[in-house]
Chemist: 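Next up is a structure, given as structure tokens.
As the structure is a computational prediction, the values presented were derived from the model and not from experiment. Per chain, numbering begins at 1; letters A, B, ... match sequence-line order.
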Amino acid sequence: MIEKQLKKWFSTQLLDWHATQNKRTMPWKGIKDAYRIWLSEIILQQTRVQQGLDYYRRFTENFPNIHALAAADETLIFKLWEGLGYYSRCRNLIITAKYISKELGGQFPRTQEGLLALKGVGNYTAAAIGSFAFGLPLAVVDGNVMRVLSRFLGIKEPIDQPAGKKIFEQHAAEMLGKADPALYNQAIMDLGATICKPQQPDCQDCPLRKKCHARVHDTQSHFPVKSKKILQKNRFIHYLLVEADGSMLVRQRKGKDIWQDLYEFVLIEKDEPADEADLKKAGFWGGSRQKQTIIDISGPFIHQLTHQKIHARFVHVKLEKKIPWEGYEWMEFKKIKSLAFPRLISRYLDRHFM
DNA sequence: AATCCGGGGGA
DNA sequence: TCCCCAGGATT
């Protein structure tokens, strides 16, 4: 149980800092439009504000309201999401837009349970939408909040385990300044992002420094505690860009692997990297084909993901005419430009094609 | 509870 | 390199 006095001091200091010192500005800050708040929160999941800004701008320009998004072409939505990562967010965005537009008449749920029922909306996002749009007394718990609270209260529960996460949610709910939940939530996240940073926090500028456990004990770097280390896998993928008559072979990725719903070219994955001689053999790509001209063989691209290190090479070949290719379809250049590709591929395309 | 899902930027 | 970002879904 946290002392009432301490909670009061915490939120008072926080809100005073927010009103007088906090210079952070963002397009969605302070607005009450649930659609735009939801959109910004989905974009910002595990994504830095700086990285999300342009995506937010493009989405709001193309889809000014929930009905516009619900009625939009999926391919275009994915194209606008291209490069942002975590593509299931985009899939869920589409599902939720249609659901709210068609089933709820365009009105967002105004309760925590209703918000949590939306695809792609978890505890954090439900609290964010609920407090920002509707003033519900729900405490947001994101990476910023857990860092601030772990340091201030000296909480050593690991933030990357469900049990620890629950502890933080309980503390966050208790600390929440209920007079203005939206303002409080905004303030604590901004403080975490600009002052109480992961490395080298600016404690001298922090309004909470006098009673901060980590500051008092000079143990800022010990918080928050994480228990797991991420295992990484190496993958060796080779893309054959088959061109004929102004078209190329592509397919949409399905299944549980990375890049679900995005497009790709003819994929050959091996346990080891292929050398240039392999890449020139038709057999490497699955059988003998008609006469082909190799236009380009790229050097290795390294593409680093959270759980995987991908080693990729591209081979661009030209055929005299289009032939069927199991699992892939021929698509004109013009249409290819409207498809969403993984960053790995779009980087190659930017450099060699479009 | 453990694991997976992207891409980028800062130290 | 490593860390971590306005997390959530799946297994």
Chemist: May I ask you to say what A:Trp81 touches in the nucleic acid, namely base, sugar-phosphate or nothing, with a heavy-atom cut-off under 4.0 Å?
Modeler: nothing
Chemist: Within the distance-only criterion (no hydrogens, no angle test), does the side chain of A:Arg313 pair as donor or acceptor with the backbone N or O of A:His238 below 3.5 angstrom?
Modeler: no
Chemist: Would the distance check show the side chain of A:Arg147 and the main-chain N or O of A:Gly192 forming a donor-acceptor pair, the cut-off being under 3.5 Å?
Modeler: yes
Chemist: Quick one: does any side-chain atom of A:Arg89 pair with a main-chain N or O of A:Leu84 as donor and acceptor, under 3.5 Å?
Modeler: yes
Chemist: Would you say the side chains of A:Gln21 and A:Asp205 form a donor-acceptor pair under 3.5 Å?
Modeler: no
Chemist: Once each nucleotide of nucleotides 5-11 of chain B is scored for protein heavy atoms under 4.0 Å, what B/S/- sequence comes out, 5' to 3'?
Modeler: BBBBB--
Chemist: A:Leu240, A:Leu349: one ILVMFWY side-chain cluster at the under-4.5 Å cut-off?
Modeler: yes
Chemist: Donor-acceptor pair, A:Lys318 side chain versus A:Gln292 backbone, under 3.5 Å?
Modeler: no
Chemist: Counting only side-chain heavy atoms from C-beta out, which of C:dC4, C:dA9, C:dA6 sits nearest to A:Lys226?
Modeler: C:dC4
Chemist: Can you measure A:Ile31 atom CD1 to C:dA6 atom P for me and round it to whole angstrom units?
Modeler: 17 Å
Chemist: Give the residues of residues 14-27 of chain A touching DNA chain B, defined as any heavy atom closer than 4.0 Å, sorted by residue number.
Modeler: none
Chemist: Considering only atom P, compute the distance from B:dG10 to C:dA6 and round it to an integer number of Å.
Modeler: 12 Å
Chemist: With rounding to the closest Å, how many angstrom separate the C1' atoms on B:dC5 and C:dC5?
Modeler: 14 Å
Chemist: Please state how far atom CD1 in A:Ile159 lies from atom P in C:dG7, giving the value in whole angstrom units.
Modeler: 10 Å
Chemist: Give a yes or no on whether the backbone of A:Lys321 and the side-chain of A:Asp245 come within a donor-acceptor separation of less than 3.5 Å.
Modeler: no
Chemist: Can a donor-acceptor pair be found, under 3.5 Å and without considering hydrogens, that links the side chain of A:Lys79 to the backbone of A:Lys337?
Modeler: yes
Chemist: Which whole-number value in Å describes the distance from A:Lys228 NZ to B:dC4 P?
Modeler: 10 Å
Chemist: Under a 4.0 Å heavy-atom cut-off, which of residues 130-152 of chain A touch DNA chain B?
Modeler: none
Chemist: By nearest heavy atom, map A:Asp190 and A:Lys309 onto DNA chain C; which one lands nearer the 5' end?
Modeler: A:Lys309
Chemist: Distance between the C1' atoms of B:dG6 and C:dC4, in whole angstroms?
Modeler: 13 Å
Chemist: I need the NZ-C1' distance between A:Lys233 and B:dT3, as an integer number of Å.
Modeler: 12 Å
Chemist: With ring-ring contact (aromatic ring centres under 6.0 Å, His included) as the test, pick out the partner of A:Phe341 among A:Phe265, A:Trp81, A:Trp259, A:Tyr239.
Modeler: A:Phe265
Chemist: Within the pair A:Thr125 and C:dG8, is there a side-chain N or O less than 4.0 Å away from OP1 or OP2?
Modeler: yes
Chemist: Without decimals, in angstroms, what is the distance between A:Ile230 CD1 and C:dC3 P?
Modeler: 8 Å
Chemist: Counting the atoms with a prime plus P, OP1 and OP2 as sugar-phosphate, which does A:Glu82 contact under 4.0 Å by heavy atoms, base, sugar-phosphate, or nothing?
Modeler: nothing
Chemist: Rounded to whole angstroms, how far apart are NZ on A:Lys165 and P on B:dA1?
Modeler: 13 Å
Chemist: Roughly, in whole Å, what's the span from NZ in A:Lys166 to C1' in B:dA1?
Modeler: 13 Å
Chemist: Please state how far atom CH2 in A:Trp38 lies from atom C1' in C:dG7, giving the value in whole angstrom units.
Modeler: 16 Å
Chemist: If you define the side chain from C-beta out and look only at heavy atoms, does anything of A:Met146 sit under 4.5 Å from A:Lys165?
Modeler: yes
Chemist: Which value, rounded to the nearest 0.5 Å, describes the distance between A:Met248 atom CE and A:Leu319 atom CG?
Modeler: 10.0 Å
Chemist: Can you tell me the Watson-Crick or wobble partner of B:dG6, both distances under 3.5 angstrom?
Modeler: none
Chemist: Relative to A:Tyr348, does A:Arg351 satisfy both conditions: NZ or CZ under 6.0 angstrom from the six-membered ring centre, and within 45 degrees of the ring's axis?
Modeler: no
